[in-house]
Amino acid sequence: MFKPVIGLEIHCELKTKSKMFCGCPNNSDETRPNFNVCPVCLGHPGTLPVINQKAVESVLKLGLAINGEISPISRFDRKSYFYSDLPKGYQISQYKQPFVEGGGLKGVKITRIHLEEDTGALSHDKGNHTLVDFNRAGVPLMELVTEPDIKSGEEAVAFAKELQLILRYLDISEANMEKGQMRVEVNISLSQDNEMGTKVEIKNLNSFKAVKEAVDYEIKRQSEVLEAGEKIIHETRGWDDIKRTTVSQRGKEQAHDYRYFPEPDLPPLDLAEFNLRELKDSLPELPEEKRIRLSRNYGLTSAQADILVENSEAADHFEEAAKKLDKKKTAADYQTLFNYLTSDIFGLMAEKKIGIKELKFPPSGTAEVINLIGENKISSRIAKDVLKEMVETGGAPSLIIESKGLRQISDVGEIENVVKKIIAENPKAVEDYKKGKENALQFLIGQAMKKLKGQANPDILRKLFGDCLSK
Ligand code: ADP
Ligand code: ZN
Ligand code: MG
């Protein structure tokens, strides 16, 4: 049996104001090509790089968040190669002394996290020409490398998604894969009888779906090669997004020799200069801590907690509303709140194509609706209408109920009059019910509810039918 062995190399563009080694704006939304450039990021001779402190802090924050070890002294190195998106002929990166070593995430050991600069962007789609845009050249790029601890495509995706969440919680990268702000490379081999196999590296994975499919494809491809008694070629493969297969890009013999050496224009960095204690204390609550707290404090299932962990604004709305719930606050109340928020309110938001920030009512409005349901002042049917109106106008629930006459009718006399009337008008259904047809009762209740414009307290209505029909 072959066992898949997988390690990831993940690059993320950091969300800093300026670039890694110069003062140019770091703005991925800039549409004017070669606008955010200067002699430093264009690689003009005689220019000198200056380290971006925020970028270093961002990497240290991530290092602390994954319980990695921060090296006391760190250093930049030159990684030499020639390419048209790299005017200097080398990239400033880190080789022997990265900022962070060790740590872990989702049961996967982290090898290292280091900092480097992004290259320019080439576009090949203009006839016979290739265009180069240096707006991206010199943007701070973080690279995280994992140990080969991952065993499947699902695990690889789960790891990458959790990292993406952490980067967003730390507010250090937007980590949008479609925009190339987060790029995942997969290293994969099949081991047999605990012997490590030859690994293949897969590049160009620009979605989680592609990561999963590429791993699955590669496991199948490598198994077939090995089962046929052949050898795996140590190579780099690309992901073909149309054919949905991996394709060979270059073999080991064409691998680069980068001739790393210490960057002579930058001093080694003494990381004691950064207040690590303070940085650690400044870390926000992380996704996993939040998952545990939401499950513990509100009795949410792990799937429910996940929905809120992945949407911090919804989580804030939920927690603010939870505080405003009536005294009792049982797990059932939190479930009701969760359900109205994630099905009804989310549904209405989707219809209007708005986000939670654009809601015109505060979390206390949501809480009030739940409280009114709990007090039997409105039915769940009416609650839906009230929420719809709240999303439209931002009005307070009590005012909407008042002005639209939506208050639930719990007046026994008023309901009883209607019940009697419906019984008198539907002798056939009454007869059917007495013969034991439960459907007939449903029909009668439905008729009465219609007459009461859906506002009758359903429990009282049902009880009155029971009473009147058994007479
Ligand atoms: P290279 O020298 O080819 O860059 P590294 O040892 O630096 O290889 O590892 C790069 C990535 O490949 C890491 O994520 C590591 O976990 C992973 N890796 C190393 N060996 C294997 C293997 N046999 N199978 C799968 N992944 C591996
Ligand atoms: Zn610049
Ligand atoms: Mg390597």
Side-chain angles (χ1 to χ4, degrees), residues 2-11 16-27 30 34-44 47-52 55 79 86-88 92-96 98 101-105 107-114 117-120 133-140 143-153 155-156 159-160 163 183-203 205 211 214-215 218-219 222 226 231-237 246 249-258 260:
F2 303 117
K3 276 195 242 146
V5 173
I6 300 162
L8 302 178
E9 292 168 287
I10 303 182
H11 283 91
T16 50
K17 285 209 180 69
S18 55
K19 291 189 182 179
M20 188 61 227
F21 299 114
C22 63
C24 290
N26 169 15
N27 176 11
E30 179 55 67
N34 297 303
F35 190 75
N36 292 329
V37 293
C38 75
V40 175
C41 54
L42 288 175
H44 287 199
T47 57
L48 288 173
V50 176
I51 299 169
N52 182 330
K79 178 179 180 179
L86 189 76
K88 289 202 295 275
I92 304 180
S93 180
Q94 296 191 291
Y95 187 52
K96 291 230 170 96
E101 289 183 276
L105 181 62
V108 177
K109 287 195 285 301
I110 309 285
T111 314
R112 56 187 273 145
I113 310 175
H114 73 248
E117 53 180 339
D118 210 345
T119 59
D133 177 3
F134 289 114
N135 284 341
R136 203 183 69 179
V139 162
E143 179 174 352
L144 177 147
V145 181
T146 78
E147 292 293 299
D149 284 351
I150 298 168
K151 295 174 200 72
S152 68
E155 277 183 31
F159 179 92
L163 178 66
R183 303 166 218 157
V184 179
E185 283 158 31
V186 170
N187 295 273
I188 173 166
S189 67
L190 296 184
S191 82
Q192 205 175 359
D193 311 321
N194 288 329
E195 290 250 346
M196 289 287 265
T198 303
K199 81 173 158 94
V200 165
E201 180 173 353
I202 314 166
K203 291 181 183 285
L205 301 163
V211 171
V215 170
E218 202 52 28
I219 290 173
Q222 293 187 18
L226 294 173
K231 285 208 162 81
I232 299 295
I233 303 167
H234 185 180
E235 63 182 348
T236 300
R237 297 177 75 89
T246 64
Q249 283 187 333
R250 65 165 191 254
K252 173 77 172 159
E253 55 283 0
Q254 291 150 275
H256 295 298
D257 177 355
Y258 295 115
Y260 282 99

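Just follow the structure's listing: the first ligand is 1, and inside any ligand the first atom is 1. Position 1 is the first residue of the sequence; numbering continues from there.
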**Request:** Round to 10° and report the angle made at the Zn ion (ligand 2) by SG of C22 and SG of C24.
**Result:** 110°
**Prompt:** Could you walk me through whether E218 and I202 pass the side-chain contact (heavy atoms from CB on, under 4.5 Å) check?
**Reply:** CA-CA 9 Å; E218 202 52 28; I202 314 166; 4.0 Å; yes
**Complete:** Counting from 1 in the order shown, the ligand 1 atoms closer than 4.0 Å to a non-hydrogen atom of P148 are 16 (O), 26 (N), 27 (C)
**Request:** For L8, take its heavy atoms, then give the atoms of ligand 1 lying under 4.0 Å from any of them.
**Result:** 14 (O)
**Message:** With the threshold set at under 4.0 angstrom, would you say S191 reaches ligand 1 through any of its heavy atoms?
**Reply:** no
**Message:** Please check whether T146 reaches ligand 1 - meaning an N/O of the residue sits under 3.5 Å from an N/O of the ligand, judged on distance alone.
**Reply:** yes
**Prompt:** Taking heavy atoms and a distance under 4.0 Å, where does E147 meet ligand 1: side chain, backbone, both or neither?
**Reply:** backbone
**ligand 1 atoms in contact with V5 (distance to a heavy atom under 4.0 Å)** = 24 (N), 25 (C)
**Request:** From the options M196, R112, H234, K199, select the one whose nearest heavy atom is closest to atom 1 (P) of ligand 1.
**Result:** K199
**Prompt:** Ion pair present between E185 and K203, side-chain N to carboxylate O less than 4.0 angstrom?
**Reply:** yes
**Item:** Y258 atom OH, neighbour heavy-atom count above 12 within 6.0 Å
**Value:** yes
**Complete:** Which of E9, Q249, H234 passes side chain to side chain contact (heavy atoms under 4.5 Å, CB included) with E201? Answer is E9
**Request:** Say whether, by atom type as modelled, one donor and one acceptor occur between the side chain of N135 and the main chain of N36 under 3.5 angstrom.
**Result:** yes
**Request:** Apply the test side-chain contact (heavy atoms from CB on, under 4.5 Å) to residues L190 and Q192: give CA-CA distance (whole Å), side-chain angles for both, the deciding distance (0.1 Å), then the verdict.
**Result:** CA-CA 7 Å; L190 296 184; Q192 205 175 359; over 6 Å; no
**Prompt:** For ligand 1, which atoms have a heavy atom of G197 less than 4.0 angstrom away?
**Reply:** 23 (N)
**Item:** Test side chain to side chain contact (heavy atoms under 4.5 Å, CB included) applied to F21 and I51, T47, N52, L48, the passing residue
**Value:** I51
**Message:** Below a 4.0 angstrom heavy-atom separation, can you tell me which part of V145, side chain or backbone, both or neither, approaches ligand 1?
**Reply:** side chain
